[in-house]
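By convention in this document, chain letters (A, B, ...) are assigned in the order of the sequence lines, proteins followed by strands, and residues within each chain are numbered from 1. Quantities reported herein were computed from a predicted structural model and do not represent experimental measurements. Because only heavy atoms are used, hydrogens play no part in the values below, and waters and symmetry mates are left out as well, while side chains stay in.
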Amino acid sequence: DTGVSQNPRHKITKRGQNVTFRCDPISEHNRLYWYRQTLGQGPEFLTYFQNEAQLEKSRLLSDRFSAERPKGSFSTLEIQRTEQGDSAMYLCASSVLGLEYEQYFGPGTRLTVT
Amino acid sequence: AQSVSQHNHHVILSEAASLELGCNYSYGGTVNLFWYVQYPGQHLQLLLKYFSGDPLVKGIKGFEAEFIKSKFSFNLRKPSVQWSDTAEYFCAVGGDKIIFGKGTRLHILP
């Protein structure tokens with residue numbers, strides 16, 4: 001399968017713990033996006049990368065959140081000192097240069113903070 | 001503020017009925033409009049998009065949408081729905097970042 005992949009698919013953690021999610025975009029897609037989706041809402045933009053450069057961050061991305069894309073391929077999203085309000089589906093998407101606005105989404109990582 | 005408003009949160013139709021899902025947007029830049037669909041247990045998929053040109057756009061599975069600039073609307077339509085269209089539908093606007101509506105859950109009765 002050559003689609004966007006995300007790992008893990010589910011993560012249960014206790015409040016205060018750190019978690020890290022991984023996203024592998026479609027091969028040769030130079031843009032990578034992170035979104036968050038809570039129950040009853042549409043996805044909300046968090047941040048995006050063009051190659052390894054992080055170009056924009058939403059104000060939703062507090063200082064407990066950090067995203068990286070060190071080699072311009074896969075990306076990680078880390079949440080430090082998790083809170084119950086962080087419980088959500090975290091979605092990754094990617095797009096290719098020239099068709100930046102056609103974003104292909106992965107299956108998401110569902111985070112539950114207890 | 002940039003936003004997308006979907007009129008219906010939950011729609012129930014019988015097979016073969018016609019469908020229209022409303023979407024209005026508020027966006028300050030160049031308007032790129034999308035409808036995404038999420039079938040049960042699957043990830044978000046692009047259903048159709050509008051960037052420019054013909055305001056009536058056709059997507060996959062018989063869906064179409066019409067961009068009406070004067071009404072800031074981008075409604076999704078399908079003349080005859082099928083049970084397999086049961087899904088959640090998201091209207092969205094944007095470019096580098098996409099702003100999504102809250103979604104409409106469509107349930108088709110067999």
Of the listed B:Leu46, B:Ile98, B:Ile99, the one with the largest count of heavy-atom pairs under 4.5 Å with chain A is B:Ile98
Cluster check [X], [Y]: I/L/V/M/F/W/Y, side chain < 4.5 angstrom:
X: B:Leu106; Y: B:Val4; result: yes
X: B:Phe100; Y: A:Leu60; result: no
X: A:Phe49; Y: A:Phe105; result: no
X: A:Leu61; Y: A:Leu32; result: yes
X: B:Phe90; Y: B:Phe51; result: yes

Apart from B:Leu109 itself, which Ile, Leu, Val, Met, Phe, Trp or Tyr residues share its cluster (side-chain heavy atoms under 4.5 Å, direct or through members)?
-> B:Ile12
For A:Phe74, which fellow cluster members are found when Ile, Leu, Val, Met, Phe, Trp and Tyr are connected by side-chain heavy-atom distances below 4.5 angstrom, either directly or through intermediates?
->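 Members alongside A:Phe74: none; it stands by itself.
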With only heavy atoms counted, which part of A:Leu46 is less than 4.5 Å from chain B, the side chain, the backbone, both or neither?
-> neither
Between B:Leu44 and chain A, which part of the residue has a heavy atom less than 4.5 Å away: side chain, backbone, both or neither?
->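 Contact with chain A involves both backbone and side-chain atoms of B:Leu44.
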Report, as yes or no, whether the 6.0 Å neighbourhood of atom CG on A:Leu39 holds more than 12 heavy atoms from other residues, nucleotides or ligands.
-> no
In residues 68-85 of chain B, which residues are in contact with chain A at a heavy-atom separation under 4.5 Å?
->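 Residues qualifying by a heavy atom under 4.5 Å from chain A are absent, so none.
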Do you know which of A:Pro107, A:Pro43, A:Ala93, A:Gly42 has the most heavy-atom pairs under 4.5 Å to chain B?
-> A:Pro43
Chain A against chain B: donor-acceptor pairs under 3.5 Å:
unit_1: B:Tyr36; atom_1: OH; unit_2: A:Gln103; atom_2: O; d: 3.3
unit_1: B:Lys49; atom_1: NZ; unit_2: A:Glu102; atom_2: OE2; d: 3.1
unit_1: B:Asp96; atom_1: OD1; unit_2: A:Arg31; atom_2: NH1; d: 2.5
unit_1: B:Asp96; atom_1: OD2; unit_2: A:Tyr48; atom_2: OH; d: 3.4
unit_1: B:Lys97; atom_1: NZ; unit_2: A:Glu56; atom_2: OE2; d: 3.2
unit_1: B:Ile98; atom_1: N; unit_2: A:Tyr35; atom_2: OH; d: 3.2

